[in-house]
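Here's the structure, in structure tokens; my notes come after.
Protein chains get the first letters and strands the later ones, always in sequence-line order, with residue 1 at the start of each. Atom set for the values below is all heavy atoms of this structure, side chains included, hydrogens, waters and symmetry mates excluded.
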Amino acid sequence: MLHDPRVRGFVEYLRKIESKWQRKWMEERVFEADPDPSKPKFFITVAFPYPNAPQHLGHVRTYSITDVHARYRRMKGYNVLFPMGFHYTGTPILAMARRIARGDSDLVWLLTEVYGVPKEKLPELTDPLKLARYFHQEIKEGMIRLGYSIDWRREFTTVDPEFNKFIEWQFLKLREKGFIVSGTYPIPYCPSCENPVGMHDTEDDVEPEVAEFTVIKFRLEDGTVLPVATLRPETIFGVTNLWINPDATYVVADVNQERWIISREAVEKLKHQNYSVEILSEVRGSDLIGKFVLNPVTNEKVPVLPATFVDPDFATGIVMSVPAHAPFDYAALKDLKQRSREVAEKYGLPEELIKSIEPKIIIKVDSTPKATAVEYVEKYGIKSQSEKLALESLTREVYSLELLRGVMHDNTPYAGTSVKDAREKVKEDLTSRGYATIVYEIVNRPVFCRCKTKVIVKILPDQWFIDYGNEKWKELARECLRKVNIIPPEIRKEFENTIEWLRRRPCARKRGLGTKLPWDRRWVIESLSDSTIYMAFYTIIHLIRKNRIPPEKLTPEFFDYILLGIGDVEELSKKLGIPTEVLEEIRREFTYWYPCDARHSGKDLVPNHLTFYLFNHAAIFPEDKWPRSIVVNGWVLLEKQKMSKSKGNIIPVRKALELLPADVIRLTILSAAELMQDADFSLEGVKTSIDILSKMYTLIRKVVEMGRPGPVKSTELTYCDKIFINKVKLLIKEIDESLSRLRIRDAVQKAYFSMYNFVMDYLSLVEDEMSDERRREVIKYVLWYVIDKWIRVIAPFTPHIAEELWSMIDGEGFVSIARWPEVRDEEIDYSYVLADEYIKRLVDDISAVVRATGKKPSRVFIYVAKREHLELLRKVLHYISTEKLSASEAVRKVLSEVKDRELKKWLGERMKKFIEYVVTIPELMRDLVIRGVPIDEYSVLKEGSKYLAKLLHCSEVIVYHYDDPERYDPAGRSKLALPLRPAIYIE
RNA sequence: GCCGGGGUGCCCGAGCCAGGUCAAAGGGGCGGGACUUAAGAUCCCGUGGCGUAGGCCUGCGUGGGUUCAAAUCCCACCCCCGGCACCA
């Protein structure tokens, strides 16, 4: 398609004009916005890019939608500020640079082959900051070349010293309010890399799942602790014995001043979880078999028995056995009983002891005490503890069954308590009394780090958290959410849920770029935490720079005054040595622009960034500075496929721009889907976009070449002209409505495709009138009227071609800042809209007849009903819509009201037909009729008979009143005429 | 598991929140026609079934229900996609 020379030519043409207009916008500072109290302001922002790699089409969507929104508002008369910054904060930039330094071949391939980074640039990109700057520039260039209407004077990065001071202020504020807390935090960790591991750092991208285990201290007679790890502490009441792997190696160790026996593998893990562990000696698992331990809760003495399913690499390597409620335990017990003699001999135990162990039921399910595990194991015919997979799945089933429907049995102190509650209570009770402690373990283990080391859990001490779990803060966030307009409304629920989910969240790390915690400089504020109120910074940074205010003067008092209006200007001025005018100017700029009227982002940021955005605004700013609206959009697919690095099906912005003009890229993405849906970027779509742009361009050019129209009197307009003009007006109004709700795809469809079709339809109807000189002038007038509006309407979507066309019609200034062609409802003459609907429907009907009969029409006769009949219809429709009557009730009611005998008879004869017909009138037509929009069927068709003939491909259309005595009506069809539905005869 | 979103004709995709020309917008593909030396582009017609007069029948994941009337409302079920955090 792109090889077609004509397409190629048009594409080249577009590219040429695009750089031209981009240059002009820049030169004339069209998008630089300063406070202007005479205009309503609109401050629009979008999640800033993270420059650890170039951008691809997925990013283009969010920014393009934002740009359309910005441009639309600008044309609607708002003073629009659309700024952009760059997010350097965090570790991915470091990781990227390190991987390049290591010569990671996958990454090198991705960068050079997919993203088109020149090979010779790579060495430079091993420096994180240079890497960020490099991609920053590339991304910025892409944005400029895509025609985004950004005020670049306000650009900043999150490592700028001025920004650091701003974030310091934010964190001091949060801390003042008690929203920053410190504590410990368990995290998946690679002991070899000495780093936390997330999904991206593991082999096969597995997300390591950390779970909290309760470790209950059973004790030998000498007080040595055998710690057993469990997810179900409430089952402590059903313990019959402990399990130890006889073949594993255990150690006796000093753990936090107690003597513990744990598996050798557990030693390192405990150390990473802040236990002090000192190994005293080693023992074999088998040496522990047969010993008795004391259950700290029930004070029962239970034996230690051997089980092969016990994994020494899991938690402490010791397990408590609850055969009634744990399938593994029951299976192991069964195994043991089967070879009780052998085992007894081997470990010197009384065989009776083994034989005497029976599952102890401690949980009721649906009010019946049940040995759930026993039931399941028997039901599924599990033969031995070595059937690991089956037992794991049974464990899950038992777990959820008992969690959901289980209640503690009468033989426990928690009788009647649900399993769910009992679990918490027992845990709480045991830990507070020192009978238990907490150990974390990776539950989906083994998970391996990319370096092949097994991932473990580490507890980070003294971690700093943002406490999104704080109930008071949550209430503020909920309030903030209630006040904000969410587009599209469907995702509001997700925000609501997120607010409820959120708990405290680590907000600082030891590595990465960013701002240091002001009260503890070892920590760097993490990226999702320094990006929550930065929109405010856009409003002031350019002034900080213009006035050459050094970062050290950007004290908390400075921001308190600028952003919150706290403090005395004179005093502050004296203290900082900044003139009061300057301080006041900056304060004014902030108060003019803030709050943010629209915040855009992809839907991935709803459960984190966007929700944090609400939280932080609610915490720091007064209500009048809270966000006004949030706009969320879906992904971009490539030929229906999800874009992914591994598939290599990523189209970087740079490459897209090499192939296609910006307007085409924009239009393709914008028209592919409505906001929340995934937009498929396909060759097909590209083709369609180029196609419609070129058709539109050719058409408008043709109109322009006809020359400017001279003066035309409104009386010279024909019925057809007026229909066309009013249809266009209505269309523009609809586009406006769609755009105001950001139904961009719908707006695009209408602005390009519907508009083009309207114009083409009109042209085909009037083309043969062009020979008449006067008529030609009028048509030109109509067309110029329409293209003037048309060009404005497409400007938000494809601004470059719009500017070019605008200059072709000698539009004033830039179309980018021209007025939107506002259409007030009063300006639309709906009688023409109704007439158009009427004609369309009639044509449809006639075509249906033609099709059904197979006749080729030469003459078409049309018989129209009378005005009084239309009035009857109007009444019926009115009753249906206002009094909620059924069609038949409404018709009957109207019939009863008719005084005129003729009319009554007319309706009476047609009752059944009329009722059936009423229901079938399309919505738009129905509304227009109810509103009393006038239409004279006879004159509409009379005036339009020539056009009708054209539309129907027949030689003549003859219109009669249905009761015209002179009418030609061989088939007697005229009596079938109903209001707005004339009778037809074809020959 | 928890929480969200969704299942529409050959395909993509509107419509469903405010039930009524909804056989279901708009594309795409396919078939036919016009134009052309031809192809492409463009335009017209058709695209569930039946029908020689604007009609009828079947239909919007499955099964029920409410209603004069349901793709649209209610209930149950099945299936698909996304998020679940310290990662930007």
- Item | Value in whole Å for how far the P atom of B:U42 lies from CG of A:Asn757 | 13 Å
- Query: Atom OH of A:Tyr697 to atom P of B:A41: distance rounded to whole Å?
  - Reply: 22 Å
- Can a side chain N or O of A:Lys695 be found less than 4.0 Å away from OP1 or OP2 on B:C43? yes
- Message: Quick test of your reading of the model: are A:Lys840 and A:Asp844 salt-bridged, counting only N-O distances below 4.0 Å?
- Response: no
- Item | Selection from B:G26, B:A88, B:G54 that lies nearest to any side-chain heavy atom of A:Glu526 | B:A88
- Gap in Å between the two C1' atoms, one belonging to B:U52 and one to B:A69, rounded: 32 Å
- Query: A:Tyr985 near the nucleic acid: base, sugar-phosphate alone, or nothing, with a heavy-atom cut-off under 4.0 Å?
  - Reply: base
- Item | B:C22 pairs with, by Watson-Crick or G-U criteria that keep both distances under 3.5 Å | none
- Message: Rounded to whole Å, how long is the line connecting atom CG of A:Leu877 with atom P of B:U21?
- Response: 14 Å
- Item | Side chain of A:Arg981 - closest among B:C87, B:A14, B:G55 | B:G55
- Query: Taking the same atom, C1', in B:C22 and in B:G15, what whole-Å distance lies between them?
  - Reply: 9 Å
- Message: Taking A:Glu500 first and then A:Arg478, would you say they form a salt bridge - that is, a charged N and a carboxylate O separated by under 4.0 Å?
- Response: yes
- Note on the structure: Partner of B:U47 under the Watson-Crick or G-U wobble criteria, both distances under 3.5 Å, comes out as B:G29
- Who does B:U72 pair with, Watson-Crick or G-U, both distances under 3.5 Å? none
- Base, sugar-phosphate alone, or nothing: which one does A:Asp691 contact when heavy atoms must sit under 4.0 Å apart? sugar-phosphate
- Query: Among B:G54, B:G26, B:G4, which is the nearest nucleotide to the side chain of A:Arg745?
  - Reply: B:G26
- Message: For the aromatic rings, using the six-membered ring if either is Trp, is the centroid distance between A:Phe615 and A:Tyr468 under 6.0 Å?
- Response: yes
- Tell me which of A:Ala983 and A:Pro92 sits closer to the 5' end of RNA chain B, going by the nucleotide each one is nearest to. A:Ala983
- Task: May I have the distance from A:Asp761 (atom CG) to B:C43 (atom C1'), rounded to whole angstrom?
- Result: 11 Å
- Message: Quick check with a 6.0 Å cut-off and a 45 degree axis cone: is A:Arg859 positioned over the face of A:Tyr968's six-membered ring?
- Response: yes
- Query: Between atom NZ in A:Lys603 and atom C1' in B:C84, what is the gap in whole Å?
  - Reply: 15 Å
- Note on the structure: Per atom distances to the A:Gln749 side chain, the nearest of B:C87, B:G26, B:A53 is B:G26
- Query: Using a cut-off of 4.0 Å on non-hydrogen atoms, how would the nucleic acid contact of A:Ala971 be classed: base, sugar-phosphate, or nothing?
  - Reply: nothing
- Query: Applying a 3.5 Å limit to both distances, which nucleotide forms a Watson-Crick or G-U wobble pair with B:A38?
  - Reply: none
- Counting any heavy atom closer than 4.0 Å, what does A:Leu528 reach on the DNA or RNA strands: base, sugar-phosphate only, or nothing? base
- Message: Can you tell me the base-pairing partner of B:C60? Count Watson-Crick or G-U wobble geometry only, both distances below 3.5 Å, and say none if there is no partner.
- Response: none
- Query: Given the P atoms of B:C11 and B:C17, what is the spacing between them in whole Å?
  - Reply: 25 Å
- Item | B:G55 and B:G7, which share atom name P, separated by this distance in whole Å | 30 Å
- Query: Tell me: CG of A:Asn633 to P of B:G82, nearest whole Å?
  - Reply: 18 Å
- Watson-Crick or G-U wobble mate for B:C16, both contacts under 3.5 Å: none
- Rounded to whole angstrom, note down the C1' distance from B:C60 over to B:C10. 16 Å
- Do the rings of A:Tyr863 and A:Phe861 sit parallel, tilted or perpendicular, given the 30° and 60° boundaries? parallel
- Message: Between A:Lys727 and A:Asp836, does any NZ, NE, NH1 or NH2 come within less than 4.0 Å of an OD or OE carboxylate oxygen?
- Response: yes
- Item | Sub-6.0 Å ring centroid separation between A:Phe86 and A:Phe135 | no
- Query: Side chain of A:Thr91: nearest nucleotide among B:A53, B:U21, B:C87?
  - Reply: B:C87
- Task: Under 4.0 Å between any heavy atoms, over every strand shown, what does A:Pro982 touch: base, sugar-phosphate, or nothing? Just pick one.
- Result: base
- Can you tell me how far C1' in B:G6 sits from the matching atom in B:G32, rounded to whole Å? 37 Å
- Identify which nucleotide among B:C3, B:G54, B:G26 has an atom closest to any side-chain atom of A:Asn497, counting heavy atoms from C-beta outward. B:C3
- Task: Could you grab the distance from atom OG of A:Ser689 to atom CZ of A:Phe797, nearest 0.5 Å is fine?
- Result: 12.5 Å
- Between B:G54, B:A88, B:G4, which one does the side chain of A:Asn608 approach most closely? B:A88
- Message: For the NZ atom on A:Lys893, are there more than 12 heavy atoms of other groups (residues, nucleotides or ligands in this structure) within a distance under 6.0 Å?
- Response: yes
- Item | Whole-Å gap separating P (B:C43) and CD1 (A:Ile692) | 9 Å
- Query: For A:Ile986, which contact category applies under a 4.0 Å heavy-atom criterion: base, sugar-phosphate, or nothing?
  - Reply: base
- Message: Between A:Asn52 and A:Arg741, which residue's closest nucleotide on RNA chain B lies nearer the 5′ terminus?
- Response: A:Arg741
- Note on the structure: Ranking B:G54, B:G26, B:C3 by distance to the side chain of A:Trp501, first place goes to B:C3
- Measure from the side chain of A:Leu502, starting at C-beta and using heavy atoms only, and say which of B:C87, B:A85, B:G4 lies closest. B:A85
- Mind checking the C1' distance from B:A14 to B:C2? Whole angstroms is fine. 32 Å
- How would you label the contact of A:Arg743 with the nucleic acid (heavy atoms, under 4.0 Å): base, sugar-phosphate, or nothing? sugar-phosphate
- With a 3.5 angstrom cut-off on both distances, give the Watson-Crick or G-U wobble partner of B:G82, or none if there isn't one. B:C3
- Item | Among B:G4, B:G83, B:A53, the one nearest A:Pro607 by side-chain distance | B:G83
- Query: What does A:Pro506 touch in the nucleic acid at a heavy-atom separation under 4.0 angstrom: a base, only the sugar-phosphate, or nothing?
  - Reply: base
- Query: When you compare B:C79 with B:G61, how far apart are their C1' atoms, in angstrom units rounded to a whole number?
  - Reply: 8 Å
- Nearest-angstrom distance from the residue atom CD1 of A:Ile915 to C1' of B:G20: 15 Å
